[in-house]
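All values reported here derive from a predicted model rather than from experimental measurement.
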Amino acid sequence: MDTPNHSALVQQLKNIVGQQHTLTDPAHTLPYRQGIRFGVGDALAVVLPGTLLEQWQVLKACVAADVIVITQSANTGLTGGSTPDGNDYDRPIVIVSTRRLDGIQVIANGEQVICLPGSTLFRLEKELKKYNRGPHSVIGSSCIGASVMGGVCNNSGGALIQRGPAYTQMAVYAQLDGQGQLHLINHLGIELGDKPEIILRNLQNGTYTDSDIKHDTGLGHDHNYRNHVREIDADTPARFNADPARHYEASGSAGRLMVFAVRLDTFPLEKNTAVFYIGTNDTHELDDIRRHILSRFTNLPVSGEYMHREAFDIAAVYGKDIFMAIQKFGTDAIPRLFAFKNFIDRTTAKISFFPKNFSDRFAVFVCKLLPQHLPQSIRDYRDRYEHHLILKMADDGIVEADTYLKEYFQNKQGNYFRCNEIEAEAAMLHRFAAAGAATTFRNVHSDKVENIVALDVALRRNDSNWFETLPESINQHFIHKMYYGHFFCHVFHQDYIAKKGTDCNKVEDEMLVLLDQRGAQYPAEHNVGHLYHAKPALKQFYRQLDPTNSFNPGIGKTSKKKYWA
């Protein structure tokens with residue numbers, strides 16, 4: 001129940017950002033309080049500041065009122081890490097959504113960017129094309145509309161082998177010290193002034209010159225990752241969220257700081273690219289290819305995406321809508337289409353004779369009536385082979401890969417072909433569509449699906465038995481098992497569609513024991529959220545960043561109480 005102090009805080013928030021951008025009606029706050037796959041809880045208010053200064057003023061008001069602050073970018077996380085989880089917190093929660101704070105400032109002739117909290121990967125990719133450069137991640141990300149800030153704060157990305165996970169040592173952020181005092185810290189490497197209000201105004205408006213920018217202030221990406229991923233005999237994973245090597249202030253902070261801007265490196269775009277479609281029924285053949293390319297090729301791949309036949313089949317039906325939408329309208333239109341989809345679901349939910357998740361059901365029905373969207377060559381490989389690898393090479397690496405694959409498959413079970421332009425686009429889009437297909441399947445078949453057990457796993461780099469075989473005691477609970485992921489860094493997304501009545505939490509716990517026995521790390525790139533236990537090093541990092549436990553408490557199944565009680 002609201003107290004007079006809480007009512008006063010809400011009024012103060014309205015005074016800062018306006019009544020229109022201060023949401024208190026539970027129906028209006030639900031999209032911000034509920035994760036797209038997991039997590040929901042109450043909130044005193046959802047606030048959408050329109051400037052960095054408003055964001056700072058909102059934070060100061062929340063700190064003075066002693067409430068919990070959850071900073072949210074795009075709310076595309078799969079583990080509920082940017083929403084409340086339940087209602088067992090010891091203080092009210094204010095969610096600060098940064099969706100209105102979109103801003104990208106290109107510096108150093110396009111070699112670096114400053115990204116404000118609401119910037120999306122779509123927008124960044126589009127902006128950098130003007131400079132013939134690209135960001136750390138592109139559409140290979142699991143989530144439509146994912147934010148740059150969310151990627152950095154969760155050490156996400158890494159599908160692009162030469163670039164590695166999102167990481168920077170340069171940021172502007174707010175932090176509470178052990179005495180509850182709020183500080184704004186400028187480690188962006190740009191001279192912006194000496195007071196928070198001046199720093200944030202200058203940052204928002206780009207009021208700085210080239211002489212204000214320091215070029216030796218910190219790293220804008222993990223420069224060692226290219227060598228790290230080549231260490232194929234290492235008994236540890238190449239990358240995972242809880243790796244202390246990639247925790248630095250904002251990087252990996254997971255909402256334990258309020259971040260106002262990050263400074264990142266960009267990467268030159270490849271001049272020429274080629275996609276090779278590889279199929280086999282022997283997992284050891286794919287392992288041979290991975291080990292040879294990483295250890296012996298002069299040129300690292302751009303990406304190497306794995307998909308199992310069952311994931312192929314589910315994505316062909318339940319990912320067809322997103323495949324065709326991107327193909328027809330481009331990536332720019334997707335956030336708007338998703339907003340329209342959410343509007344349809346909210347509207348039809350109020351009408352009794354409409355089924356739940358109407359938009360997904362309608363989209364799947366319509367797509368079944370449309371012509372086949374996958375080229376015959378790719379469908380033929382689906383029929384012949386269980387395991388599929390989509391290998392993308394660039395420039396000098398194209399000939400290197402073609403020569404090697406031609407020789408390798410002379411006496412092997414599998415085979416490959418070099419994709420034409422249509423096949424290459426279809427292969428990459430189909431792999432992308434797999435990421436949301438399990439959720440759509442669940443929504444369409446809610447009568448027979450309990451839920452999805454979704455695991456995000458980083459295997460050891462020397463694990464040759466990378467394809468999972470489940471014991472029947474676990475396997476019996478699933479209708480479908482979808483395996484897909486980023487093969488060269490051994491990061492796999494494993495979506496298990498559970499039968500009605502399954503105790504998904506119990507089954508997941510049993511599966512995590514098996515992963516522990518294999519020396520795997522999890523989660524690999526979606527972060528702990530409220531699904532996974534934070535391991536000791538990660539928990540210590542969170543406590544160091546947030547000693548009062550006021551920013552996004554409870555993630556990693558840690559304490560939700562003030563001062564970590």
Side-chain angles (χ1 to χ4, degrees), residues 31-32 34-39 70-83 97-104 113 115-129 134-160 163-168 221 239 241 250-255 259 261-262 264 266-267 303 305 319 322 325-326 330-339 341-342 428-429 431-439 454 456 484-486 491 493 495 523-529 531 552:
Y32 303 89
Q34 184 172 33
I36 62 171
R37 265 196 189 173
F38 180 85
I70 297 178
T71 310
Q72 186 181 95
S73 296
N75 193 17
T76 58
L78 301 182
T79 57
S82 59
T83 58
S97 171
T98 62
R99 292 184 181 185
R100 296 176 63 215
L101 296 173
D102 184 14
I104 295 169
V113 289
C115 292
L116 303 190
S119 308
T120 64
L121 280 172
F122 285 126
R123 167 89 189 280
L124 180 57
E125 184 181 2
K126 185 176 180 180
E127 188 68 27
L128 288 177
K129 279 182 179 176
H136 77 275
S137 292
V138 288
I139 195 173
S141 300
S142 298
C143 304
I144 297 292
S147 69
V148 177
M149 193 74 77
V152 171
C153 292
N154 290 298
N155 291 135
S156 298
L160 298 180
R163 305 181 190 182
Y167 176 79
T168 186
H221 79 282
R239 60 182 178 92
N241 292 126
S251 295
S253 59
V259 186
V262 291
L264 298 163
T266 68
F267 303 85
S303 62
E305 295 298 297
I322 188 66
I326 293 174
T331 57
D332 286 351
I334 298 305
R336 295 193 297 276
L337 287 174
F338 266 66
K341 175 183 180 295
N342 291 335
M428 300 300 284
L429 278 180
R431 160 59 188 90
F432 175 72
T439 302
D456 169 34
Y484 55 97
H486 316 302
V491 166
H493 304 300
D495 294 340
E525 59 184 19
H526 294 154
N527 220 330
V528 289
L531 276 181
N552 206 14

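By the side-chain contact (heavy atoms from CB on, under 4.5 Å) test, Pro165 pairs with Tyr225, Arg239, Arg246, sequence neighbours left out. Legend: residues meeting side-chain hydrogen bond (donor to acceptor under 3.5 Å, both in side chains) with Asn154, ordered by chain and number and at least two apart, are Asn527. Remark: Ala166 pairs with His136, Val152 by the side-chain contact (heavy atoms from CB on, under 4.5 Å) rule, at least two apart or across chains. A search for side-chain contact (heavy atoms from CB on, under 4.5 Å) contacts involving Leu124 returns Ile104, Val113, Cys115, Leu128, Pro135, Val148, not counting sequence neighbours. Partners of Asn75 by side-chain contact (heavy atoms from CB on, under 4.5 Å), not counting sequence neighbours, listed by chain and number: Gln72, Ser82, Thr83, Arg99. For Asn241, the side-chain hydrogen bond (donor to acceptor under 3.5 Å, both in side chains) test picks out no residue, with sequence neighbours left out.
In this structure a side-chain-to-backbone donor-acceptor pair under 3.5 Å is present from Ser251 to Thr168.
Cys153 approaches Val259 most closely through the heavy-atom pair SG-CG2, 3.9 Å. Listed here is the closest heavy atom pair of Gly319 and Ala437: N-CB, 4.2 Å. Here the closest heavy-atom approach between residue Tyr167 and residue Leu264 is recorded as O-CD2, 3.8 Å. Minimum heavy-atom separation, Asp456 to His526: OD2-N, 2.8 Å. Shown here for Ser119 and Gly103, the closest heavy-atom pair between the two residues is OG-O, 2.7 Å. Minimum heavy-atom separation, Leu116 to Ala261: CD2-CB, 4.0 Å.
Note that CG of Leu160 and CZ of Phe267 are 8.5 Å apart. Values are rounded to the nearest 0.5 Å. Taking CD of Glu127 as the reference point, atom OG1 of Thr120 lies at 11.0 Å (rounded to 0.5 Å). Summarising the geometry, atom OG1 belonging to Thr266 is positioned 8.5 Å from atom CZ belonging to Arg163; distances are rounded to the nearest 0.5 Å.
Taking the side chain as every heavy atom from C-beta outward, Arg123 and Asp102 approach each other to under 4.5 Å. With contacts defined as side-chain heavy-atom distances shorter than 4.5 Å, the pair Ser147/Leu121 does not qualify.
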